[in-house]
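All remarks here apply to the structure that follows.
Position 1 is the first residue of the sequence, and the numbers go up from there.
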Amino acid sequence: MNIMDFNVKKLAADAGTFLSRAVQFTEEKLGQAEKTELDAHLENLLSKAECTKIWTEKIMKQTEVLLQPNPNARIEEFVYEKLDRKAPSRINNPELLGQYMIDAGTEFGPGTAYGNALIKCGETQKRIGTADRELIQTSALNFLTPLRNFIEGDYKTIAKERKLLQNKRLDLDAAKTRLKKAKAAETKSSQLNSARPEGDNIMVNFSYMLNFLHVKWLKSEQELRITQSEFDRQAEITRLLLEGISSTHAHHLRCLNDFVEAQMTYYAQCYQYMLDLQKQLGSFPSNYLSNNNQTSGTPVPYALSNAIGPSAQASTGSLVITCPSNLNDLKESSNNRKARVLYDYDAANSTELSLLADEVITVFSVVGMDSDWLMGERGNQKGKVPITYLELLN
């Protein structure tokens with residue numbers, strides 16, 4: 001029974017405090033009550049904390065979008081995180097593209113130029129996918145996790161203490177208002193008592209009322225001292241927490257450096273992978289003539305003069321085909337020579353021989369063959385090869 005009485009009294013006291021705060025807040029908004037202003041330093045710290053929270057949330061969310069563009073995957077990872085379970089491993093886009101390329105190259109045949117190139121590209125895409133996975137893991141651990149810990153930990157504590165400070169301020173202003181009203185009532189009663197109305201009963205009533213108001217004034221004054229003390233104490237607690245924002249910025253700066261280093265490592269790896277792939281495939285600049293605009297049966301790579309040295313030039317319309325003197329000498333004789341392939345080449349028909357960059361084949365001239373072609377031989381395979389793709393070896 002005593003516990004029940006205590007709970008009822010506590011509930012009534014809490015309801016009274018809540019009502020007092022609501023009245024004070026409403027009167028402040030209507031301009032009918034005074035408001036205790038926080039000192040400028042504390043206001044500045046509160047503004048800095050709010051600004052930090054807003055921008056940290058934006059940076060964190062956009063970083064998540066950068067690392068994982070798929071919104072469904074982000075939602076799935078969020079659910080698993082809340083369930084405190086590890087999300088299942090998922091193949092990423094570069095890895096999936098790489099697998100498709102490898103499967104296609106295997107289907108077309110690793111011995112063909114296109115199939116071999118697809119396999120090489122697929123392997124490179126898979127390596128890029130692995131680097132992408134490492135970037136996500138490193139960034140999540142060293143950058144996203146500290147930002148999330150601030151939002152879900154430190155700032156929640158700051159917000160809780162800030163709300164408590166607001167309540168203490170409302171209690172303080174409400175106590176000031178009650179004290180002000182009590183003083184006004186006591187002053188008015190004193191004025192009425194000094195008029196000395198006739199009749200002993202009336203004098204007794206006035207004296208009783210004066211004493212009651214005086215006691216109420218003393219109680220309001222004591223309540224003001226208590227609320228002022230609680231407000232000052234809460235303001236100091238909040239200030240100490242807010243001053244930790246500077247340390248938070250320093251910590252986030254270190255995390256940002258880790259994120260930049262992770263990105264730098266990732267992009268350096270990707271660049272090296274693609275550089276290696278380009279070397280394997282050979283260089284085909286943009287002004288290399290494609291199948292759609294060729295005016296000759298022979299593809300002509302750019303910078304051909306750099307690849308095969310000084311040459312005579314034969315012009316066909318706007319197309320310039322260069323032919324080195326040592327190849328001309330070979331065409332005038334029937335001797336076999338070794339030649340290194342400069343670029344990959346896909347045979348257009350069964351009379352031609354597909355080539356892979358950097359391989360060495362045997363070439364020789366055949367009477368009556370077009371001047372832009374030689375006969376190439378690799379093992380048991382024979383076929384026409386374009387002279388612009390070859391470099392004779394001494």
Stepwise side-chain hydrogen bond (donor to acceptor under 3.5 Å, both in side chains) check, Thr36 with Asp173:
CA-CA 7 Å; Thr36 299; Asp173 290 337; 2.3 Å; yes
Between Ile54 and Glu50, is the side chain to side chain contact (heavy atoms under 4.5 Å, CB included) condition met? List the steps.
CA-CA 6 Å; Ile54 291 173; Glu50 182 67 19; 3.9 Å; yes
side-chain hydrogen bond (donor to acceptor under 3.5 Å, both in side chains) between Gln125 and Tyr100: does it pass, once the steps are laid out?
CA-CA 10 Å; Gln125 290 296 330; Tyr100 286 165; over 6 Å; no
Candidate pair Arg233 and Glu236, rule salt bridge (Lys or Arg N to Asp or Glu O under 4.0 Å), full reasoning
CA-CA 5 Å; Arg233 179 176 176 274; Glu236 182 65 16; over 6 Å; no
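In this structure, the side chains of Asp358 and Val341 stay at 4.5 Å or more apart for every pair of heavy atoms. The side-chain heavy atoms of Leu374 and Phe364, taken from C-beta on, include no pair separated by under 4.5 Å. Put simply, the side chain of Leu147 does not reach to within 4.5 Å of the side chain of Phe259, judged on heavy atoms. Using a 4.5 Å heavy-atom threshold, the side chains of Cys121 and Leu277 count as touching. Side chains of Thr248 and His251 form no contact here, defined as non-hydrogen atoms less than 4.5 Å apart. Side chains of Thr52 and His249 form a contact here, defined as non-hydrogen atoms less than 4.5 Å apart. Asp372 is not listed as a side-chain neighbour of Thr388, based on a closest heavy-atom distance of 4.5 Å or more. Inter-residue side-chain proximity for Leu118 and Phe108 is flagged as met; some heavy-atom pair is nearer than 4.5 Å.
Using a 4.0 Å cut-off between charged side-chain N and carboxylate O, Lys156 and Glu152 make no salt bridge. Taking a cutoff of 4.0 Å between a charged side-chain nitrogen and a carboxylate oxygen, Glu95 and Arg90 do not qualify as a salt bridge. A salt bridge does not link Glu123 to Lys126: none of the charged nitrogens lies less than 4.0 Å from a carboxylate oxygen.
Side chain to side chain, Asn44 and Lys48 fail the donor-acceptor criterion of an N or O pair below 3.5 Å. A donor atom on one side chain and an acceptor atom on the other are not found under 3.5 Å apart for Thr227 and Lys168. Checking Glu261 against Asn257 by side-chain atom types alone, no donor-acceptor pair falls below 3.5 Å. For Arg378 and Gln381, the side-chain atoms include at least one donor-acceptor pair closer than 3.5 Å. For the residue pair Gln228 / Asp232, a side-chain donor-acceptor distance below 3.5 Å is found, with atom types taken as modelled.
Across Ile361, Leu342, Asp346, a single residue satisfies side-chain contact (heavy atoms from CB on, under 4.5 Å) together with Leu355, and that is Ile361. Of the residues Leu240, Ile245, Leu241, the one that meets the side-chain contact (heavy atoms from CB on, under 4.5 Å) test with Glu243 is Leu240.
The environment of Asn93 atom CG is sparse: at most 12 non-hydrogen atoms of other residues, nucleotides or ligands sit within 6.0 angstrom.
Under a cutoff of 6.0 Å and an axis angle of 45°, Arg127 and Tyr273 form a cation-pi pair.
A donor-acceptor pair under 3.5 Å is formed between the side chain of Asn92 and the backbone N or O of Gly129.
Tyr266 and Ile91 sit in two unconnected hydrophobic clusters of ILVMFWY residues. Membership requires side-chain heavy atoms under 4.5 Å apart, directly or through other members.
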